[in-house]
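These notes are about the structure you will find just below.
Letters A, B, ... are given to chains in the order of the sequence lines, protein chains preceding strands, and every chain is numbered from 1.
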Amino acid sequence: QKEVEQNSGPLSVPEGAIASLNCTYSDRGSQSFFWYRQYSGKSPELIMSIYSNGDKEDGRFTAQLNKASQYVSLLIRDSQPSDSATYLCAVTPTGGYQKVTFGTGTKLQVIP
Amino acid sequence: DGGITQSPKYLFRKEGQNVTLSCEQNLNHDAMYWYRQDPGQGLRLIYYSQIVNDFQKGDIAEGYSVSREKKESFPLTVTSAQKNPTAFYLCASLSGRSYEQFFGPGTRLTVL
């Protein structure tokens, strides 16, 4: 079982719609959770961090964490073509905050 | 501006040659990382360092070497022992306060 799993996609949504990206993780003691956006040929850019159960909103982005289900998601409201990228989920495992584990990413395509 | 710089942006190497990739940060972060990303793949950890003069192997350390003589610098050497070095190399540092990782712009290495 992979430590951090994401659907590779592509996930296609029309412009203006809500994009929902999902991630599951295997280490029940994981402490910190992150979403990165990576444009083709570029390095990952941190867009959201979440540390406790519930929702965290930042502009058009909402991260949702459910530790009991070992599930973290990212919602993008009013999706724009510029949101088209690969979104990486990252998790800090139990006791080893220095070693972050990344999922393989979900490719999002926003159709104008 | 605080951030992470990597050089060069593109690097071409002949088979049998060692090459060194530079990574510098002025974020005052203790921990630094090297990842490798292949087309359509996730990030794989090569080496990481939690403090000056100390570093640990990641998941794919064979054929690579690192040093950490200064807090700001974490160079990666790709040796001739690395059988398939063509990839996108990413350096990152970790905030000890938020546990967020921040990436440099990357170095694209091609073996001719």
Point-to-point distance, once rounded to the nearest 0.5 Å, from CG of B/Leu45 to OH of B/Tyr33: 8.0 Å

CD-CG distance between A/Gln70 and A/Leu65, expressed to the nearest 0.5 angstrom: 10.5 Å

Chain A contacts, top residue of B/Ala31, B/Gly104, B/Ser98 (heavy-atom pairs, under 4.5 Å): B/Ser98

Derivation and outcome, side-chain hydrogen bond (donor to acceptor under 3.5 Å, both in side chains), residues A/Gln64 and A/Ser73: CA-CA 5 Å; A/Gln64 300 175 317; A/Ser73 64; 2.8 Å; yes

Measure distances from [X] to the heavy atoms of chain A and classify the residue's part below 4.5 Å as side chain, backbone, both or neither.
X: B/Glu100; result: both
X: B/Asp59; result: side chain
X: B/Gln56; result: neither

B/Arg108 to B/Phe88 six-membered ring, cation-pi geometry met (6.0 Å, 45°): yes

Candidate list A/Ile76, A/Val72, A/Ile50, test side-chain contact (heavy atoms from CB on, under 4.5 Å), partner A/Trp35, passing option: A/Val72

Side chain, backbone, both or neither of A/Glu45 within contact of chain B (heavy atoms, under 4.5 Å): neither

